Amino acid sequence: MNVRDERDGPDAPDGAGRPVQGGPPGRWRRPDASMSLLSDLFEGRLADPGYAAAAARRRAAGNAPAPRRLRAVVALSLLLVGVLLAVAGAQVRRGEPVAARQRARLVDEIHSRTRETDALSRRLDRLRTETSRLRAAALARSAAGRRADRDLAAAETAAAARPAAGPALVVTLDDARRPGASGAAGDDGRVYDQDLQILVNGLWAAGATAVGINGLRLTPTSAIRTAGEAVLVDYRPLTGPYQVTALGDPGALRAGFTGSAADQRLAALRDRYGLRYGVADEGRARLPAAAPSAPRYARPAGEKE
């Protein structure tokens with residue numbers, strides 16, 4: 001009995017125990033049979049009979065490619081690819097310090113411009129205060145002037161055009177704390193512009209006479225928006241924690257704000273996502289005058305449209 005009787009058929013198993021369909025009797029496939037195409041290419045053999053016939057015709061005509069030449073072309077191609085990858089990696093590594101320096105320079109410039117803007121804002125507040133004092137002194141010389149001064153004061157107060165001070169309710173919002181090296185809050189635990197919008201509207205509804213965020217006075221036309229990860233109030237970036245100061249009687253403000261839609265929303269964000277949210281009374285707070293806005297529709301008397 002032939003010892004290969006079980007394995008000599010057309011479905012003889014290969015070296016990995018898989019059948020080789022149509023293989024010759026008694027032949028075992030190599031374990032690297034899946035790489036036979038690459039092996040044949042490097043050894044100068046062609047797998048398809050049609051390719052073999054074409055190669056034979058080229059050899060007969062005297063223009064067949066030599067196997068050594070093919071290997072040389074493949075090796076040169078791989079070398080060129082390696083050189084290109086090395087050059088690209090070097091360029092990336094060389095560009096990283098440059099990008100870091102440019103970013104640091106931009107951050108320094110932003111901080112410098114912010115300090116200049118803050119200094120100019122403080123100077124503007126001092127000039128406004130001096131102008132108001134001189135104007136009030138001039139109007140106080142007559143009864144008509146005093147009436148005009150009272151009307152002007154009421155209009156400026158409504159437009160947040162003059163400083164305001166008094167007892168206040170202070171609401172603090174901040175991003176949730178997150179464990180880890182960075183300590184950064186996830187998207188769900190961040191304070192967004194709509195959270196501050198709802199809070200400010202809730203304080204106005206509770207009876208606040210003036211509202212400010214981190215010392216920045218709000219007007220009836222103030223905009224609270226988000227740009228990237230920054231919260232903008234009248235196009236000025238603010239960072240947390242956000243202290244929202246509402247001038248007015250603290251007891252009345254707390255009574256009107258507690259249980260409101262704004263209070264319920266912020267409490268739910270605190271309980272669900274860890275948003276930091278607190279309310280405290282303050283005996284006396286001061287809010288500066290807001291930046292003046294150009295009139296959109298009003299014109300001096302007698303000026304034609």
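All figures in this text were calculated on a predicted structure; none of them were measured in a lab.
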R265 side chain near R270 side chain, heavy-atom distance below 4.5 Å:
no
Just verifying a value: how many Å separate T209 OG1 and L203 CG, rounded to the nearest 0.5 Å?
11.0 Å
So, D195 side chain and L266 main chain: donor-acceptor pair closer than 3.5 Å or not?
no
Looking only at atom types and distance, does a side-chain atom of D234 sit under 3.5 Å from a main-chain N or O of A223, one as donor and one as acceptor?
yes
Is the closest side-chain heavy-atom distance between V211 and T245 below 4.5 Å?
no
P250 and P167: which non-hydrogen atoms are nearest, and at how many Å?
CD-CB, 3.8 Å
Assigning hydrophobic clusters by single linkage (Ile, Leu, Val, Met, Phe, Trp, Tyr; side-chain heavy-atom cutoff under 4.5 Å), is L218 placed with L169?
yes
For a 4.5 angstrom cut-off between non-hydrogen side-chain atoms, does R276 reach L173?
no
Between CG of L120 and CZ of R113, what distance do you get to the nearest 0.5 Å?
11.0 Å
Residues A246 and L253: closest non-hydrogen pair is O-CD1, 3.5 Å
Mind checking the CG-CZ spacing from D108 to R103? Nearest 0.5 Å is all I need.
10.5 Å
We want to know whether D263 and Y277 form a side-chain donor-acceptor pair, criterion being a heavy-atom distance below 3.5 angstrom.
yes
A168 versus L247, closest heavy-atom pair with distance:
CB-CD2, 3.7 Å
Measuring from atom CD of E282 to atom CZ of R284, what distance do you get when rounded to the nearest 0.5 angstrom?
10.5 Å
Would you say T172 and Y242 make side-chain contact, with heavy atoms under 4.5 Å?
no
Flag if over 12 foreign heavy atoms under 6.0 Å of CZ, R146
yes
Answer whether the closest heavy-atom distance between the side chains of L232 and I224 falls below 4.5 Å.
no
Note: R150 and R147 closest approach over all heavy atoms is NH2-CG, 3.1 Å
S112 and R115, any side-chain heavy atoms less than 4.5 Å apart:
yes
Nearest-0.5 Å distance, CG of residue D193 to OG1 of residue T226
3.0 Å
Looking at S222 and T219, would you say the former's side chain and the latter's main chain have a donor-acceptor pair under 3.5 Å?
yes
Partner of I213 under side-chain contact (heavy atoms from CB on, under 4.5 Å), chosen from L199, V244, L287
V244
With a 4.5 Å cut-off on side-chain heavy-atom distances among I, L, V, M, F, W and Y, is there a chain of contacts connecting I198 to V171?
no
Any idea which heavy atoms bring F257 and A262 closest together, and the distance?
CE1-CB, 3.8 Å
Do V170 and L216 belong together in a cluster built from hydrophobic side chains that touch within less than 4.5 Å?
no
How far apart are the C-alpha atoms of Q197 and R225, what are their side-chain angles, what is the distance that settles it, and do they pass the side-chain contact (heavy atoms from CB on, under 4.5 Å) test?
CA-CA 9 Å; Q197 292 171 7; R225 295 289 185 267; 3.4 Å; yes
If the threshold is 4.0 Å, N to carboxylate O, is there a salt bridge linking R135 and E156?
yes
When you compare the side chain of R162 with that of R217, does any pair of heavy atoms fall below 4.5 Å?
no
N214 side-chain N/O to Q243 backbone N/O, donor-acceptor pair under 3.5 Å
yes
Is a donor from one side chain sitting under 3.5 angstrom from an acceptor on the other, for T114 and T117?
no
